[in-house]
Amino acid sequence: MSQVVAVFGGRSEIGLAVATRLAPGATVVLAARPGSLAEAVAACEEAGAQRVEVFDFDADDIAAQADLVTAIEDRVGPIDVAVLAFGILGDQAIAERDSMAAAALLHTDFIAQAALLTVLADRMRQRGLGTIVAFSSVAGQRVRRANYVYGSAKAGLDGFASGLADALHGSGVHLIIARPGFVIGRMTAGLSPAPFSSTPDQVADAVVRRVRSGRGVELWIPWQLRVMFAVARFVPRALWRRMPR
């Protein structure tokens with residue numbers, strides 16, 4: 001039986017880039033909002049996927065997550081690698097004024113992620129095998145005034161995933177916490193790139209290397225950001241609050 005790679009957020013540039021790299025000989029599942037995924041399916045097939053299946057996925061409908069995972073595994077078999085590639089950047093200015101907008105961003109980028117991580121971790125732990133990739137961000141390492149709503153969601157996700165990774169230690173399930181910096185792509189279109197920016201392809205390359213190595217939890221992309229944010233915690237608040245996005 002071929003390896004099953006499931007990408008939750010199949011329209012994501014990073015998610016699809018990871019999928020195509022893991023596609024050779026695998027069954028690839030793209031779970032995404034309703035709509036055509038013909039190009040994404042074709043990309044996975046061209047990359048060598050043995051089979052590609054598409055499922056409708058509403059990231060914010062946490063009550064449906066367990067049933068979705070069941071439906072996927074009933075159709076293609078147990079998920080070996082799960083990639084959580086969904087999320088929104090949101091509009092900081094709107095979120096500062098609109099509590100519902102702030103709550104929606106937090107729900108998608110933290111609550112929905114934590115819920116799906118719980119579902120997947122429980123299934124894989126029962127089998128004693130599997131890899132999960134969660135996308136945190138350097139934005140959550142020390143939250144900046146310029147994007148504190150998004151940053152706080154990532155901080156919550158990072159803390160949850162870190163604890164879950166420790167809880168899974170020794171179970172046969174490996175949780176990778178990817179912490180990219182600024183990613184130049186559709187999600188950040190119109191924003192000025194930050195230092196040590198990367199592309200979706202560069203992020204995917206780093207993630208796939210870590211998936212195949214089976215070692216380590218935290219994955220900084222690029223690695224230099226680990227040093228930068230080790231220092232960032234000591235920057236005085238008066239200076240930190242002026243930091244850009």
Side-chain angles (χ1 to χ4, degrees), residues 8-9 12 14-15 18 59-60 62 65-66 69 81-90 92 95-96 99 101-125 130-183 187 194 196 198 203 206-207 210-211 215-235 237 240-241 243 245:
F8 296 88
S12 157
I14 294 174
V18 172
D60 289 319
I62 60 176
Q65 290 178 352
V69 174
V81 180
V83 181
L84 279 65
F86 62 91
I88 56 176
L89 186 59
Q92 174 70 29
E96 288 189 24
S99 63
L105 195 157
L106 292 167
H107 188 275
T108 301
D109 288 353
F110 176 32
I111 301 300
Q113 304 260 354
L116 184 54
L117 283 171
T118 300
V119 172
L120 292 165
D122 182 58
R123 300 289 178 91
M124 291 181 176
R125 182 162 34 200
T131 299
I132 306 172
V133 179
F135 281 96
S136 180
S137 168
V138 297
Q141 295 306 295
R142 183 176 178 183
V143 178
R144 285 163 282 181
R145 185 265 174 270
N147 65 343
Y148 68 79
V149 181
Y150 174 79
S152 63
K154 289 299 187 180
L157 173 61
D158 198 282
F160 184 93
S162 293
L164 177 58
D166 288 341
L168 291 171
H169 181 71
S171 70
V173 182
H174 184 208
L175 173 57
I176 299 166
I177 305 171
R179 293 175 181 153
F182 189 101
V183 180
M187 190 173 178
F196 299 108
S198 55
V203 173
V207 167
R210 181 59 61 87
V211 168
R215 298 192 306 273
V217 174
E218 294 89 358
L219 174 61
W220 297 80
I221 310 168
W223 66 266
Q224 291 93 336
L225 290 172
R226 180 171 191 167
V227 177
M228 179 182 295
F229 278 85
V231 174
R233 71 186 67 182
F234 300 108
V235 176
R237 182 171 295 275
W240 187 256
R241 68 169 61 100
M243 294 291 289
R245 176 184 288 275

For R210, all residues meeting salt bridge (charged side-chain N to carboxylate O under 4.0 Å, His left out), sequence neighbours excluded: none
Going by heavy atoms in the side chains, are L120 and V173 under 4.5 Å from each other? no
Between L225 and P180, what is the shortest heavy-atom contact and its length? CD1-C, 4.3 Å
A95 and A101 have their tightest heavy-atom pair at CA-CB, 4.2 Å
Using modelled atom types only, decide if a donor and an acceptor are shared between the side chain of K154 and the backbone of Q141 within a distance under 3.5 Å. no
Using a 3.5 Å distance criterion without hydrogens, assess whether the side chain of H174 forms a donor-acceptor pair with backbone atoms of G216. yes
Could you check whether atom CZ of R226 has more than 12 heavy atoms from other residues, nucleotides or ligands sitting under 6.0 Å from it? no
Keeping Q65 on the side-chain end and A112 on the backbone end, is there a donor-acceptor pair under 3.5 Å? yes
In the structure I gave you, are the side-chain heavy atoms of V83 and V211 within less than 4.5 Å of one another anywhere? no
Validation row: V227, W220 side chains within 4.5 angstrom (heavy atoms): no
Could you tell me whether the side chain of T108 and the main chain of L105 form a donor-acceptor pair under 3.5 Å? no
Heavy-atom closest pair (L84 atom, F135 atom, distance to 0.1 Å) is O-CD1, 3.3 Å
Looking only at heavy atoms, which two atoms of A85 and S12 are closest? And how far apart? O-CB, 3.2 Å
Are side-chain heavy atoms of I14 and V183 found at a separation under 4.5 Å? yes
Looking at CZ of R179 and CG of D158, how far apart are the two atoms once the value is rounded to the nearest 0.5 Å? 4.0 Å
For the residue pair L175 and V217, establish whether any side-chain heavy-atom pair is separated by less than 4.5 Å. no
Show the nearest heavy-atom pair for residues A82 and F8, with the distance to one decimal. CB-CE1, 4.2 Å
V69 vs R123 side-chain heavy atoms within contact, under 4.5 Å: yes
With distance as the sole test, does D109 use its side chain to make a donor-acceptor pair with the main-chain N or O of I88 at under 3.5 Å? yes
Is any side-chain heavy atom of L117 less than 4.5 Å from a side-chain heavy atom of L157? yes
Can you measure from CD1 (I176) to OG (S136) and round to the nearest 0.5 angstrom? 13.5 Å
Ignoring hydrogens, what is the shortest heavy-atom contact between E96 and Y148? Give both atom names and the distance. CG-OH, 3.3 Å
If I take atom CD1 from residue I111 and atom CG from residue L116, how far apart are they, to the nearest 0.5 angstrom? 13.0 Å
